[in-house]
Amino acid sequence: MRLENKVAIITGGGTGIGRETALLFAKEGAKVVVTDINQDSGNQTVKDLQANGNEALFIHHDVSNEDDWKKVAKETIDQFGKVDILFNNAGIYKIKPLAEIELDEWNRLMSINVTGVFLGMKHIMPLMAEQKKGSVINASSIAGLMGSPGHVLYGASKGAVRIMTKDAAMEYAHVGVRVNSIHPGYIDTGMADYASEVTGSSKDELGKNLFPLGHLGSVKDVANTVLFLASDESAFSTGAEFVIDGGATAK
């Protein structure tokens with residue numbers, strides 16, 4: 001029960017890493033607020049949590065919309081009285097050559113991957129500051145640490161998340177609120193399916209070619225790292241980068 005009596009908000013909690021993290025958080029004692037743009041998948045995650053006897057709430061949520069973030073903050077406080085953990089997980093992925101990126105594509109991806117994280121921190125961290133404790137985990141990527149062809153757009157968004165995390169960590173350290181970023185490589189989710197389609201490589205080939213450990217990561221690999229950062233076990237970690245990439249950036 002590493003998260004006993006803690007309240008967690010997980011964006012993009014309907015599928016993939018977000019869903020796996022919601023299930024793990026609940027198993028470890030947390031009350032979980034699942035938010036997602038996809039109402040069906042978000043509701044399904046909450047139904048599964050409740051079926052196991054866990055307290056959970058679904059909120060339909062566009063992370064790029066500030067009014068939606070105000071709603072998430074209010075409904076979480078109304079339901080559970082506090083927020084201890086925020087996992088800014090929601091994001092989208094795009095591989096495209098620099099010269100072919102349309103401004104509309106740039107603005108949409110940035111609104112979700114960057115503005116969404118900013119708004120989450122803006123509206124949730126002050127609530128944590130009032131209680132003098134809290135942990136925020138922001139989903140960046142190895143694309144925020146290293147360069148790759150076709151990744152100017154996505155890499156820019158994840159680089160922004162990496163530095164925003166450090167800035168927010170310094171701003172809120174004196175009130176006991178921690179902020180860290182995670183940097184996964186390809187995880188076996190829909191994003192890896194998309195990368196396989198765009199690159200013409202199978203997921204097995206991506207794993208063998210990109211990661212010294214020889215395979216893609218699993219959603220459990222990421223969820224376990226997020227659990228550590230959400231728990232009091234990581235109490236002395238803030239403004240840090242946690243890499244989950246099978247050794248890719250070590251190359």
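This is a predicted model, so every value here is computed, not measured.
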Exercise: identify the closest heavy-atom pair between N89 and I17: OD1-CG2, 3.7 Å
Counting distance only, does the side-chain N/O of S234 pair as donor-acceptor with the main-chain N or O of F228 below 3.5 Å? yes
Give a yes or no answer on whether the side chain of N52 reaches the backbone of N54 with a donor-acceptor pair at less than 3.5 Å. no
Tell me, do N113 and K158 make a side-chain contact under 4.5 Å, heavy atoms counted? yes
Hey, does H183 have a side-chain heavy atom less than 4.5 Å from the side chain of D245? no
Got L24 and N224 here, is their nearest side-chain heavy-atom distance under 4.5 Å? yes
Mind checking whether I182 and I137 have side chains closer than 4.5 Å, heavy atoms only? yes
For the pair N180 (side chain) and A240 (backbone), establish whether a donor and an acceptor sit closer than 3.5 Å, ignoring hydrogens and angles. yes
Smallest heavy-atom separation, M191 atom then Y154 atom, equals SD-OH, 4.3 Å
Under a 3.5 Å distance rule, please check whether K94 uses its side chain to pair with a backbone N or O of H151 as donor and acceptor. no
Specify whether Y186 and Y93 have parallel, tilted or perpendicular ring planes, treating 30° as the upper limit for parallel and 60° as the lower limit for perpendicular. perpendicular
Closest heavy-atom pair, S64 versus S111, reported as atoms and distance to 0.1 Å, is CB-O, 3.2 Å
Are any side-chain N or O atoms of K166 and backbone N or O atoms of G239, one a donor and one an acceptor, separated by less than 3.5 Å? yes
Within a strict 4.5 Å, meaning less than it, do heavy atoms of the M125 and L127 side chains meet? no
Restricting to non-hydrogen atoms, name the atom on W69 and the atom on L119 that form the minimum distance, rounded to 0.1 Å. CD1-CB, 3.3 Å
Transitively linked via ILVMFWY side-chain contacts under 4.5 Å: I77 with V7? yes
Which of V114, I92, I101, D104 passes side chain to side chain contact (heavy atoms under 4.5 Å, CB included) with L109? Answer is I92
Any non-hydrogen side-chain atom of V136 less than 4.5 Å from a side-chain atom of M128? yes
Say whether, by atom type as modelled, one donor and one acceptor occur between the side chain of S135 and the main chain of L229 under 3.5 angstrom. yes
